[in-house]
Protein chains: 4
Amino acid sequence: MDIEPRKQGRQARAKATASDIVEAAARILEGERMDTLTTNRIAERAGVSIGSLYQYFPNKEAILASLVRRERSNLLADVQRIAAGAAGTAAKIDALIDAGLEHQFARPRLALQLEYIEQTLDIGPEAQELATRLADTITDIVRAHAPHADRNAARDIVAICHAIINTAAITGETDTKGLRQRLQRAVYGYLGESNCGYRKAD
Amino acid sequence: MDIEPRKQGRQARAKATASDIVEAAARILEGERMDTLTTNRIAERAGVSIGSLYQYFPNKEAILASLVRRERSNLLADVQRIAAGAAGTAAKIDALIDAGLEHQFARPRLALQLEYIEQTLDIGPEAQELATRLADTITDIVRAHAPHADRNAARDIVAICHAIINTAAITGETDTKGLRQRLQRAVYGYLGESNCGYRKAD
Amino acid sequence: MDIEPRKQGRQARAKATASDIVEAAARILEGERMDTLTTNRIAERAGVSIGSLYQYFPNKEAILASLVRRERSNLLADVQRIAAGAAGTAAKIDALIDAGLEHQFARPRLALQLEYIEQTLDIGPEAQELATRLADTITDIVRAHAPHADRNAARDIVAICHAIINTAAITGETDTKGLRQRLQRAVYGYLGESNCGYRKAD
Amino acid sequence: MDIEPRKQGRQARAKATASDIVEAAARILEGERMDTLTTNRIAERAGVSIGSLYQYFPNKEAILASLVRRERSNLLADVQRIAAGAAGTAAKIDALIDAGLEHQFARPRLALQLEYIEQTLDIGPEAQELATRLADTITDIVRAHAPHADRNAARDIVAICHAIINTAAITGETDTKGLRQRLQRAVYGYLGESNCGYRKAD
DNA sequence: AATGAATGAGCCTTCATTCAT
DNA sequence: CATGAATGAAGGCTCATTCAT
């Protein structure tokens with residue numbers, strides 16, 4: 001199944017339409033029951049006709065793939081910026097936590113749904129690569145800080161953060177500060193450091 | 001939407017058929033693409049006619065709700081047994097970890113899918129209650145061990161374990177022993193205890 | 001694309017439905033504009049719901065393939081009966097002409113449309129084989145009568161008959177007798193025999 | 001349905017565009033699967049925007065009607081030239097055969113497709129008239145040569161030639177010479193003359 | 001009860017056609 | 001006039017669910 005977007009229209013209007021469609025899909029994932037994620041509904045929420053939708057995407061999956069790509073590359077950009085930064089390893093890990101927090105907390109329902117969709121979707125190779133690069137970059141940072149950590153550890157840490165943030169988001173927590181502290185507890189705890197009085201969050 | 005199984009013949013045969021249907025759904029969730037989870041396919045795998053299926057369940061969601069309930073109550077039973085036991089608080093927490101590990105690792109794909117389905121489903125109040133009871137029991141155990149832990153902490157711990165186990169299951173890990181250790185690291189780490197050389201796994 | 005019918009239901013009702021559907025397609029081909037040959041219309045004319053139609057055929061093409069097969073095998077049966085008969089070669093050719101006449105004249109519009117559809121369709125291997133067998137059998141008969149005739153000649157003769165009958169049918173001729181004479185003129189003429197006073201038609 | 005090309009600028013450029021569009025349709029009919037004969041594809045192959053296409057033709061059918069008309073009037077011109085010529089009746093019939101051969105063999109797939117389209121299309125009155133004039137002219141020639149031949153006979157002859165040529169074209173024959181001989185056999189055979197050693201092809 | 005044929009709302013997608021730029 | 005983005009009716013097909021046997 002072709003999963004690539006169809007054309008990046010040369011008129012400005014076209015580019016806007018394509019991303020309107022993707023955003024509409026995101027909004028539906030966030031706010032409605034998953035079974036309303038139909039192409040017709042997407043078109044409707046994008047304020048576009050169904051015909052237009054299919055001028056930009058060859059099928060429903062392509063829309064979702066675009067959405068996944070969009071989110072993923074945003075996060076990857078942040079993470080790479082952190083990795084490339086001059087900060088110390090602990091500071092980088094904190095920054096990583098913050099990045100994850102921002103990303104998932106910005107639109108938690110969306111993040112959650114996308115996680116599921118990614119598994120279901122036969123994601124394109126490009127998105128696949130984004131995922132790998134993301135994982136690698138994070139692994140590098142973690143191992144720079146905690147040399148004894150292996151790939152599993154890095155994966156665990158990412159999973160742990162995901163899980164905690166999701167749970168918090170779903171139960172409607174709003175106290176980002178407390179949440180960040182718990183994330184640090186979890187991560188540094190897992191990495192084997194006492195995190196009592198470890199650092200002043202800010 | 002009605003989600004209860006259809007009350008009827010308490011005969012052994014009827015009960016068996018109903019649970020055959022539920023188990024068929026489980027097997028499909030485990031082994032096939034999610035879009036093959038159709039009522040006709042469920043009936044087929046259960047070795048029942050589609051007509052019969054609808055004699056036992058008023059609709060598809062009811063089957064899934066039953067499945068969720070089945071899994072949940074299994075876990076709840078284990079957890080309650082642990083809670084009621086005479087072991088020390090740390091041993092209880094370890095037992096909790098083991099219970100979770102067993103549950104999710106017995107049929108990891110199923111566990112993963114159900115997690116998603118639970119969110120999608122308009123879970124019945126009974127299942128809702130199971131969830132609450134489960135959370136409460138776990139919270140009690142955790143707080144008995146770590147008095148400073150609040151509800152959030154208990155939730156976080158459950159989420160952490162879920163996440164690590166899922167990730168492990170997805171990536172095809174089989175080393176249950178190593179996994180248990182990492183779970184303990186994560187939990188005790190989060191709870192703020194150094195877990196270096198803390199205890200002999202068994 | 002799968003082109004085979006889906007199930008030959010074990011209940012009598014089922015078998016009837018499947019052939020009702022095929023016949024409905026035939027009727028539409030005969031009597032309506034080709035662009036009304038939609039699965040919905042077929043179902044409607046068959047007096048069946050669209051859902052039922054798709055229980056018997058996996059897609060539109062399969063219905064048409066069944067129809068082609070039905071017509072072809074009817075004709076093939078006739079032709080093989082003729083080939084196997086004890087009649088003289090000339091009588092066999094006459095019988096062939098009559099068979100063709102009957103077949104195409106019974107439902108001329110249908111015959112015409114099917115001819116076109118056959119080319120368009122990726123006909124299944126079975127139907128393909130029917131066609132080959134048909135052509136071979138006819139070739140054999142023709143060459144038995146006119147040894148100098150090659151494959152082209154046999155093909156030409158079939159084409160000639162098709163064409164004449166179609167034209168006649170389309171322009172609404174009803175004089176089968178006269179038509180048969182013209183067909184004989186054409187065939188025997190092509191085969192190089194004087195056909196003046198050649199034989200008494202009956 | 002309006003089937004006429006849109007009257008407009010008689011400028012050379014306009015005329016060229018219109019015939020580019022018609023020719024693009026022809027090329028698609030020849031070289032691609034019939035279901036790619038979409039207006040957008042036609043415009044694309046004509047090197048015109050879809051908007052422009054609709055400036056020249058009110059709808060898709062009008063394009064095809066123009067194409068049919070183009071082919072028909074070409075043939076009609078040839079046939080009328082033959083009819084008006086000074087040659088003997090037999091020579092005229094031969095010329096007729098050659099004309100048909102050239103026409104259909106020049107672009108056999110196109111000829112075949114158009115034949116089908118003509119039936120499907122609600123051909124405009126003008127094209128209808130072309131067909132009639134064509135048939136009449138041919139009938140005249142045939143009857144001049146074979147006075148006993150009636151309208152049916154002329155129709156049959158045309159049909160016969162069509163059919164043989166089509167069959168040859170479909171099966172990929174390239175031996176025009178042999179084909180011409182078979183056509184003559186068929187025609188003269190049908191008209192009741194022995195065609196053995198009848199005439200030297202050229 | 002069990003069976004499985006039948007149902008039809010609704011999904012994805014295409015394509016002829018229009019219209020703002 | 002040309003362009004190409006936008007439109008939406010309509011087609012193929014699925015699947016949860018019903019109902020006659």
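All figures in this text were calculated on a predicted structure; none of them were measured in a lab. Convention: sequence-line order gives letters A, B, ...; per-chain numbering from 1.
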Point to revise | Side-chain touch R109(A)/L29(A), heavy atoms, less than 4.5 angstrom | key: no
Review point. Y56(B) side chain N/O closer than 4.0 Å to the phosphate oxygens (OP1, OP2) of dA2(E)?
Key: yes
Check your understanding: Is Y54(D) near enough to dA2(F) that one of its side-chain N or O atoms lies under 4.0 angstrom from OP1 or OP2?
Key -> no
Check your understanding: Can you check whether T17(A) has a side-chain N or O nearer than 4.0 Å to OP1 or OP2 of dA5(F)?
Key -> no
Review point. With a 4.0 Å cut-off on heavy atoms, is N40(C) in touch with a base, just the backbone sugar-phosphate, or nothing at all?
Key: base
Review point. D2(D) CG to dA16(E) P: how many Å, rounded?
Key: 17 Å
Review point. Is the count of non-hydrogen atoms from other residues, nucleotides or ligands lying under 6.0 Å from R33(D) atom CZ greater than 12?
Key: no
Review point. Under 4.0 angstrom, heavy atoms only, what part of the nucleic acid is S52(A) near: base, sugar-phosphate, or nothing?
Key: base
Practice item. State whether the side chain of S52(D) and the backbone N or O of V48(D) hold a donor-acceptor pair below 3.5 Å, judged by distance alone. Key: no
Exercise for review: May I ask you to say what T39(D) touches in the nucleic acid, namely base, sugar-phosphate or nothing, with a heavy-atom cut-off under 4.0 Å?
Suggested key: base
Point to revise | Closest to the S49(A) side chain, choosing from dA2(E), dG8(F), dC13(F) | key: dG8(F)
Review point. Taking CD1 from I63(B) and P from dC15(F), how many angstroms apart are they, rounded to a whole number?
Key: 15 Å
Review point. Where the side chain of I50(D) is defined as all heavy atoms beyond and including C-beta, which of dC12(E), dA5(F), dG8(E) is the nearest nucleotide?
Key: dA5(F)
Practice item. Could you tell me the separation between the CZ atom of F57(D) and the P atom of dT18(E), rounded to a whole number of Å? Key: 15 Å
Practice item. Using atom CG of L53(C) as one end and atom P of dA5(E) as the other, report the distance to the nearest whole Å. Key: 15 Å
Point to revise | Rounded interatomic separation in angstrom, taking CG from D35(A) and P from dA16(F) | key: 12 Å
Check your understanding: Should dC11(E) form a Watson-Crick or G-U wobble pair with both distances under 3.5 Å, which nucleotide is its partner?
Key -> dG12(F)
Exercise for review: Find the distance L37(D):CG to dT17(E):P and express it as a whole number of Å.
Suggested key: 12 Å
Study note, to complete from the structure: Walking DNA chain F from its 5' end, the first of T38(B) and M1(C) to be reached, judged by nearest nucleotide, is M1(C)
Practice item. Could you state the atom-to-atom distance from CD1 of I28(A) to P of dC11(E) in whole Å? Key: 11 Å
**Study point:** Watson-Crick/G-U partner (both atom distances under 3.5 Å) of dA5(E)
**Key:** dT18(F)
Exercise for review: Identify, between K60(C) and V48(D), the residue whose nearest nucleotide on DNA chain F lies closer to the 5' end.
Suggested key: V48(D)
Review point. Of Q113(C), E23(C), R41(C), E44(C), which is the lone residue that meets side chain to side chain contact (heavy atoms under 4.5 Å, CB included) with I28(C)?
Key: R41(C)
Point to revise | Side-chain touch Q119(D)/M34(C), heavy atoms, less than 4.5 angstrom | key: no
**Study point:** Q55(D) vs dA2(F): side-chain N/O to OP1/OP2 distance below 4.0 Å
**Key:** yes
Review point. How close or far is atom P of dT13(E) from atom CD1 of I21(A), stated in whole angstroms?
Key: 13 Å
**Study point:** dC13(F) OP1/OP2 closer than 4.0 Å to side-chain N/O of R6(C)
**Key:** no
Check your understanding: Hey, are R69(C) and E129(C) close enough for a salt bridge, meaning a charged N less than 4.0 Å from a carboxylate O?
Key -> no
